Undergrad: 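Got a structure for you, written out below as structure tokens; questions coming shortly.
Predicted, not measured: the structure shown is a model, and the values here were computed from it. Computed over heavy atoms, backbone and side chain alike; hydrogens, waters and symmetry mates excluded.
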Amino acid sequence: MKMQKTMAQNPLSEDVGASISWIETSDTVSRHFFFQPDGQFSVKVLDDSRPVVHKMAESFVNKFFPSGFPYSVNEGYLRYTQFRALQHFSSAALSVLSTQSLLYAAGLRPTPAQATAVSWILKDGMQHMGKLICSNLGALMDAEPKRWRILADVLYDLGTGLEIVSPLCPQLFLETAGLGNFAKGMAVVAARATRLPIYSSFAKEGNLSDLFAKGEAISTVFNVLGLGAGIQLVSTVCSSMQGKMIVGSLLSVIHVYSVSEEMRAAPVNTLNPQRTAMIIEDFIKTGKVSSPVDLRYKEDLLFPGRLIKDAGNVKVGGDLHKAIKPSRLKELKQMFPNEKFLLSCGDGKRWTDMVLEHNATGEDALRGWLVAAYSYAYASNTEKNGSESEWDHLQEAYQKMKVVMITLLPQIQAKGWHTDRFLDGKGMRFGF
């Protein structure tokens with residue numbers, strides 16, 4: 001490597017700008033790197049004797065992956081991209097089958113090319129109502145973006161399936177097509193709303209726009225390939241209704257499986273009830289803090305509300321008057337002074353209710369979860385060794401939490417978790 005530094009000649013300036021350039025040379029390629037004084041960075045290939053295949057591979061990576069890949073993204077991005085491509089391919093092929101079926105049900109006999117063109121017209125009907133209804137669920141999508149992304153594709157395939165079978169009941173064409181587009185409208189909103197938190201989980205260097213742009217490039221390419229495959233299918237094996245149903249079911253399975261694997265690969269780093277409970281559970285068991293990458297394959301994407309015993313069996317976001325008896329409210333506020341959470345357990349409950357104040361953050365939720373976990377552990381030991389009241393357990397657990405959180409919180413933040421907010425999705429917060 002050769003480095004050359006050139007000072008800008010400006011006698012009137014006290015703060016002299018500097019440009020830095022260097023040349024990197026290997027056996028097959030030589031590149032010139034250049035930093036301008038204003039911070040702009042450029043690269044020029046001086047000599048390249050690599051095989052054509054290697055040049056094409058590098059060109060493909062530069063076109064469809066973020067700059068600096070793989071070092072500019074978090075772990076799992078390649079697997080996410082692979083299944084995203086398969087998802088868009090199968091979805092596009094499936095759309096051609098459904099559109100042709102709709103036109104047959106309406107009494108038309110379109111060619112495969114006509115089916116592809118008319119799809120842009122038919123999809124705009126009942127979709128708008130589905131979009132409006134689904135737009136009210138934004139808070140839930142923030143809390144569980146992976147789950148809603150999968151549900152979006154399930155809804156999309158359900159709507160597409162209704163369109164495919166519409167020729168079987170042509171007298172109900174409008175109802176079938178309308179219901180199918182309604183489901184697809186909800187799917188579109190859910191898919192778009194969850195796109196940002198998923199991409200954000202990979203943006204290691206704040207390169208969110210680059211990730212989004214390259215992701216759209218991959219989606220476009222495989223959508224086009226999928227449309228081509230769909231046209232070929234409806235001209236051959238899917239020319240009959242039986243063929244459409246068989247191939248459509250297979251494409252739907254591939255589609256949902258692909259998006260499930262996409263979501264499992266995404267290391268989402270915001271705190272929601274499930275991820276918070278899993279962090280506390282692992283810490284109680286091992287004394288170590290798990291990172292978003294560690295937990296991504298452990299998340300329950302379809303049923304995230306399960307209780308985790310070693311994390312205190314915590315339920316969050318319920319009604320205050322149902323979670324905590326009014327007679328105990330004052331005592332709990334005194335037990336947890338200056339805290340933005342309240343806990344209630346005992347009285348035969350199999351879980352611990354936690355309520356949060358309206359401005360509670362992820363740190364407050366972690367504090368409450370840790371108290372619940374320690375209290376549950378103390379209660380389990382009491383059943384074996386003696387008897388103490390719920391209040392004794394909570395007080396002991398609260399004192400231990402205050403000591404542990406001094407070192408635990410920096411570890412959680414160092415692992416990449418965002419503790420400045422807590423997304424429970426229910427919006428049930430309270431002011432005291």
Side-chain angles (χ1 to χ4, degrees), residues 57-58 60-91 141-154 190-222 254-279 281-283 286 288-304 362 411-419 421 423:
E58 182 179 7
F60 177 84
V61 170
N62 292 336
K63 181 67 176 177
F64 295 104
F65 288 85
S67 299
F69 176 84
Y71 307 106
S72 61
V73 295
N74 284 316
E75 184 178 338
Y77 181 74
L78 179 60
R79 183 176 177 83
Y80 168 84
T81 302
Q82 291 169 338
F83 281 102
R84 179 176 173 80
L86 182 59
Q87 172 219 332
H88 280 280
F89 179 86
S90 57
S91 175
M141 297 177 196
D142 276 331
E144 293 290 347
K146 293 185 178 184
R147 178 184 186 228
W148 279 95
R149 185 66 183 85
I150 295 174
L151 288 177
D153 282 82
V154 171
R192 290 176 179 174
T194 55
R195 189 178 302 168
L196 183 59
I198 298 301
Y199 274 132
S200 298
S201 68
F202 290 110
K204 188 177 182 179
E205 299 177 351
N207 51 341
L208 187 57
S209 295
D210 194 16
L211 277 165
F212 185 85
K214 298 301 171 58
E216 291 303 297
I218 291 175
S219 300
T220 301
V221 169
F222 281 89
I254 294 174
H255 185 211
V256 174
Y257 171 75
S258 298
V259 76
S260 299
E261 290 302 308
E262 280 181 60
M263 295 304 102
R264 292 188 183 281
V268 176
N269 53 9
T270 52
L271 293 177
N272 67 357
Q274 181 177 200
R275 286 189 284 274
T276 303
M278 292 169 69
I279 292 171
E281 177 191 31
D282 287 352
F283 177 74
T286 67
K288 298 179 180 179
V289 176
S290 298
S291 68
V293 171
D294 297 330
L295 296 184
R296 56 187 173 150
Y297 285 106
K298 298 179 182 179
E299 291 185 72
D300 190 334
L301 301 184
L302 294 182
F303 305 101
Q411 294 180 53
I412 292 175
Q413 293 171 339
K415 289 289 186 178
W417 294 104
H418 292 173
T419 60
R421 57 188 180 275
L423 305 173

Undergrad: Would you say Asn272's side chain and Arg275's backbone share a donor-acceptor pair under 3.5 angstrom?
TA: yes
Undergrad: Any idea which heavy atoms bring Ser260 and Leu301 closest together, and the distance?
TA: O-CD1, 4.3 Å
Undergrad: Quick one about Asp282 and Ser290 (side-chain donor to acceptor, distance below 3.5 Å, no hydrogens or angles considered), yes or no?
TA: yes
Undergrad: Nearest 0.5 Å, what's the CG-CG distance between Leu196 and Asp142?
TA: 9.0 Å
Undergrad: Check side-chain hydrogen bond (donor to acceptor under 3.5 Å, both in side chains) between Arg149 and all other residues, then give those that pass, not counting sequence neighbours.
TA: Asp153
Undergrad: If the condition is side-chain hydrogen bond (donor to acceptor under 3.5 Å, both in side chains), which residues does Gln411 pass it with, not counting sequence neighbours?
TA: none
Undergrad: Quick one: do the Ser219 and His88 side chains pair a donor with an acceptor below 3.5 Å?
TA: yes
Undergrad: Answer whether the closest heavy-atom distance between the side chains of Trp417 and Leu295 falls below 4.5 Å.
TA: yes
Undergrad: When rounded to the nearest 0.5 angstrom, what distance separates CD in Gln87 from CD in Gln82?
TA: 14.0 Å
Undergrad: Can you tell me how far the CG atom of Leu302 sits from the CD atom of Glu144, to the nearest 0.5 Å?
TA: 10.5 Å
Undergrad: Write down the atom of Pro145, the atom of Pro197, and the distance for their closest heavy-atom approach.
TA: CB-CG, 3.8 Å
Undergrad: Sub-3.5 Å donor-acceptor pair from the side chain of Lys204 to the main-chain atoms of Asn74, do we have one?
TA: no
Undergrad: Can you list the steps and then say if Asn269 with Lys415 is a side chain to side chain contact (heavy atoms under 4.5 Å, CB included)?
TA: CA-CA 9 Å; Asn269 53 9; Lys415 289 289 186 178; over 6 Å; no
Undergrad: Using only atom types and a distance under 3.5 Å, with no angle test, would you say the side chain of Arg421 pairs donor to acceptor with the backbone of Thr270?
TA: no
Undergrad: Decide side chain to side chain contact (heavy atoms under 4.5 Å, CB included) for Leu208 and Ser200; before the verdict, give the C-alpha distance in whole Å, the side-chain angles of both, and the deciding distance to 0.1 Å.
TA: CA-CA 6 Å; Leu208 187 57; Ser200 298; 3.9 Å; yes
Undergrad: Measuring from Ser201:OG to Leu211:CG, what's the distance to the nearest 0.5 Å?
TA: 9.0 Å
Undergrad: For a quick test of reading the model, state the closest non-hydrogen atom pair linking Gly76 to Ala265 and the distance between them.
TA: O-CB, 3.5 Å
Undergrad: Given side chains that start at C-beta, do those of Ile279 and Leu271 come closer than 4.5 Å, heavy atoms only?
TA: yes
Undergrad: Under 3.5 Å, is there a donor-acceptor pair between the side chain of Thr276 and the main chain of Pro273?
TA: no
Undergrad: Taking OH in Tyr297 as the centre, count heavy atoms belonging to other residues, nucleotides or ligands within less than 6.0 Å. Is the count above 12?
TA: yes
Undergrad: Looking only at the side chains, is there a donor atom on one of Asp300 and Gln274 sitting less than 3.5 Å from an acceptor on the other?
TA: no
Undergrad: Where does the angle between the aromatic ring planes of Tyr80 and Phe202 fall among parallel (under 30°), tilted (30 to 60°) and perpendicular (over 60°)?
TA: tilted
Undergrad: Using the side-chain hydrogen bond (donor to acceptor under 3.5 Å, both in side chains) criterion, which residues pair with Glu281? Sequence neighbours excluded.
TA: Lys285
Undergrad: Rounded at 0.5 Å granularity, tell me how far CD1 in Ile218 sits from OG1 in Thr81.
TA: 4.5 Å
Undergrad: Considering residues at least two apart in sequence or located in another chain, which fulfil the ring pair (Phe, Tyr, Trp, His ring centres under 6.0 Å) criterion with Tyr199?
TA: Phe212
Undergrad: Donor-acceptor check, side chain of Lys214 to backbone of Ser209, threshold 3.5 angstrom: yes or no?
TA: no
Undergrad: Tell me which pairs pass salt bridge (Lys or Arg N to Asp or Glu O under 4.0 Å) where either residue lies in residues 73-90, with sequence neighbours left out.
TA: Glu75-Arg296, Arg79-Glu261, Arg84-Glu216
Undergrad: Using ring pair (Phe, Tyr, Trp, His ring centres under 6.0 Å) as the criterion, list what pairs up with Phe283, not counting sequence neighbours.
TA: none
Undergrad: If you measure from NE2 on His418 to CG on Leu423, what distance do you get to the nearest 0.5 Å?
TA: 11.0 Å
